[in-house]
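The structure under discussion appears below in the form of structure tokens.
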Amino acid sequence: MRTASLWRYAIPLDAGVVLRDQRIKQRSGLVVRLRDGSAEGWGEIAPLPGFSHEDLPQAQDAAEAWLTSWCAGDSAAESRLPSVAFGLSCALAELDGTLPAAGNYHSAALCVGDPDQLFARLQALPYPVAKMKVGLYEPIRDGMLVSLLLEALPDLQLRLDANRSWSPEKARQFARAVGPELRQRIAFLEEPCRTPAESCSFSAETAIAIAWDESVREAGFVVAAQPGVTALVVKPTLTGSIRHLQQLITAAQQQGLTVVISSAIESSLGLTQLARLANWLTPQVLPGLDTLDLMQHQLHRRWPDSSLALQALADREAIWRG
Ligand SMILES: O=C(O)CCC(=O)C1=CC=C[C@@H](O)[C@@H]1C(=O)O
Ligand SMILES: [Mg+2]
């Protein structure tokens, strides 16, 4: 017999989390549990405000509709809402044993907070790869900070993310502050400019490699090799099911592009599943999952070695059962 439950969660975030100009104080989402006989699978459905097109009430409605038909024994089609399709596909993949247990719990270190502490942290990394946001301040300041870090730490590789914030001129100002000999240690710069065409011109002009993040989620996006483009940054909560992720990865591999599985600030439950997907589907690539420390506690499952408190779900009332 099939049964399902849904819980709602809200996890306080550290004070400084800003997403697309919005300060968000807590991360909210749903947790789903599927049971079929003695098998069980869990998933997280957590649309990200400012990034997902669906909101939490819409995701909840769609999840309840899907679960109702699943419990009745029907094979319901994947939800059109990416966060719902992703969370349900994780629960199904745990239930039927297709999602392997082993995870890749190493991530590109997210550069947040005090620059002095950052320096010490980057010096001690097991894998010298870090991710830094740019485009929030003056581009020359960003370029100087990038140069400073790359000069001081000769093994460091940087992934940068501008979230489409620069005009071509601002992007040039950034590049001028980074010496040509340092540029090859920028593994990629995600979406430097407002349009993909401007980003490609920037890469051709500066020899700085770029990656697509926002573009992957735009209607009509086709995975294609382009000069200067090295990677696709994929956030499955924003793109959809595991099946869709596998299709993206296969297409990217055929075009010689790397796929970096990345967080949409999921709880430790969703993040550990992303670490398992990364280990399974992109074993050669360091994922971008260093977001757990933005939260004040873990949820349901532990991220290995995290000292954050764990909150259980079992003793809480489900908001829906079927
Ligand atoms: O990609 C990573 O390494 C971590 C995740 C990350 O940087 C982001 C997650 C969610 C929203 C954004 O603020 C940001 C991004 O734009 O990629
Ligand atoms: Mg990005």
Side-chain angles (χ1 to χ4, degrees), residues 11 13-29 44 46-54 82-83 86 103-113 118 121-122 125 127-137 142 156-166 171 186-196 199 208-218 221 229-239 245 248 257-268 270-275 277-278 282 285-295 303:
I11 303 175
L13 294 178
D14 278 356
V17 181
V18 177
L19 289 179
R20 295 252 159 93
D21 308 326
Q22 268 185 69
R23 192 169 290 277
I24 62 166
K25 293 200 176 126
Q26 62 173 24
R27 183 74 174 105
S28 309
E44 174 168 344
L48 184 64
F51 288 77
S52 294
H53 297 294
E54 68 275 18
S83 61
F86 174 62
N104 179 358
Y105 296 101
H106 298 286
S107 282
L110 206 55
C111 298
V112 281
L118 172 68
R121 188 167 162 239
L122 295 184
L125 291 177
Y127 293 90
V129 182
K131 168 157 175 176
M132 198 173 118
K133 285 266 162 212
V134 291
L136 297 171
Y137 305 100
D142 285 334
L156 183 69
Q157 291 249 342
L158 281 178
R159 296 174 179 175
L160 305 174
D161 188 358
N163 289 110
R164 294 188 164 175
S165 52
W166 287 328
I186 298 176
F188 53 75
L189 166 46
E190 285 175 43
E191 309 262 356
C193 300
R194 290 187 286 240
T195 66
S199 292
I208 294 176
I210 58 172
W212 301 135
D213 173 6
E214 285 83 349
S215 296
V216 178
R217 306 188 297 265
E218 272 182 350
F221 175 77
V229 180
T230 57
L232 307 181
V233 177
V234 178
K235 297 175 170 56
T237 286
L238 307 184
T239 55
L245 173 66
L248 274 174
L257 296 169
T258 299
V259 167
V260 178
I261 293 181
S262 155
S263 132
I265 327 206
E266 291 83 0
S267 77
S268 60
L271 272 188
T272 52
Q273 290 180 321
L274 290 168
L277 286 166
T282 57
V285 186
L286 201 61
L289 303 177
D290 186 24
T291 55
L292 184 58
D293 285 336
L294 303 174
M295 299 190 163
W303 181 271

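Order of appearance sets the numbers: ligands from 1, and atoms from 1 within every ligand. Source: prediction; values computed, not measured.
Scanning the protein heavy atoms around atom 6 (C) of ligand 1, the nearest turns out to be Lys131 NZ, 3.8 Å. Atom 13 (O) of ligand 1 has its closest protein heavy atom at Leu19 CD2, 3.1 Å. Protein heavy atom closest to atom 14 (C) of ligand 1, with residue, atom name and distance, is Lys133 NZ, 3.3 Å.
Rounding to the nearest 0.5 angstrom, the gap separating the CG atom in Leu277 from the OG1 atom in Thr272 is 10.0 Å. Between Leu257 atom CG and Thr230 atom OG1 the span is 7.5 Å, to the nearest 0.5 Å. Atom-to-atom distance recorded for Leu48:CG and Glu54:CD is 10.0 Å, nearest 0.5 angstrom. Note that CZ of Arg159 and NZ of Lys133 are 13.0 Å apart. Values are rounded to the nearest 0.5 Å.
Ion pairing of Asp161 with Lys235 is absent here, as no side-chain N (NZ or NE/NH1/NH2) approaches a carboxylate O to less than 4.0 Å.
Within Asp161, the N/O/S atom positioned nearest the Mg ion (ligand 2) carries the name OD2. Residue-level check: among N/O/S atoms of Glu190, OE1 sits closest to the Mg ion (ligand 2).
Counting backbone and side-chain atoms alike, Asp213 contributes an N/O/S atom closer than 2.8 Å to the Mg ion (ligand 2).
The N/O atoms of Thr291, backbone and side chain alike, include none that comes under 3.5 Å of an N/O atom in ligand 1. An N or O contact shorter than 3.5 Å links Ser262 to ligand 1 by distance.
Those atoms of ligand 1 that come under 4.0 Å of a heavy atom in Gly288, given as number and element, are 1 (O), 2 (C), 3 (O), 4 (C). Near Lys235, with a cut-off below 4.0 Å to any heavy atom, the atoms of ligand 1 are 8 (C), 9 (C), 10 (C), 15 (C), 17 (O). Each of the atoms 16 (O) of ligand 1 lies under 4.0 Å from some heavy atom of Asn163. Listed by number with element, the atoms of ligand 1 under 4.0 Å from a non-hydrogen atom of Phe51 are 11 (C), 12 (C).
Side chains of Ser268 and Leu292 form a contact here, defined as non-hydrogen atoms less than 4.5 Å apart. The shortest side-chain heavy-atom distance between Leu122 and Pro128 does not fall under the 4.5 Å cut-off. Within the 4.5 Å cutoff, the side chain of Trp212 has no heavy atoms near those of the Glu190 side chain.
Closest heavy-atom approach to atom 5 (C) of ligand 1 within the set Pro287, Ala108, Ser263: this belongs to Ser263.
At a 4.0 Å heavy-atom cut-off, ligand 1 does not touch Val260 at all. Neither the backbone nor the side chain of Arg159 comes within contact range of ligand 1; no heavy atom lies under 4.0 Å. Proximity of Asp161 to ligand 1, defined as any heavy-atom pair under 4.0 Å, is confined to the side chain (atoms from C-beta onward). When non-hydrogen atoms are compared, ligand 1 lies under 4.0 Å from the side chain of Asp213 (C-beta onward) but not from its backbone.
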(message) Walk me through whether Val229 and Phe188 qualify under side chain to side chain contact (heavy atoms under 4.5 Å, CB included).
(response) CA-CA 8 Å; Val229 180; Phe188 53 75; over 6 Å; no
(message) side chain to side chain contact (heavy atoms under 4.5 Å, CB included), that's the test. Do Asp142 and Trp166 meet it? Break it down for me.
(response) CA-CA 12 Å; Asp142 285 334; Trp166 287 328; 3.7 Å; yes
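With no hydrogens or angles considered, no side-chain donor-acceptor pair links Arg164 and Ser199 at under 3.5 Å.
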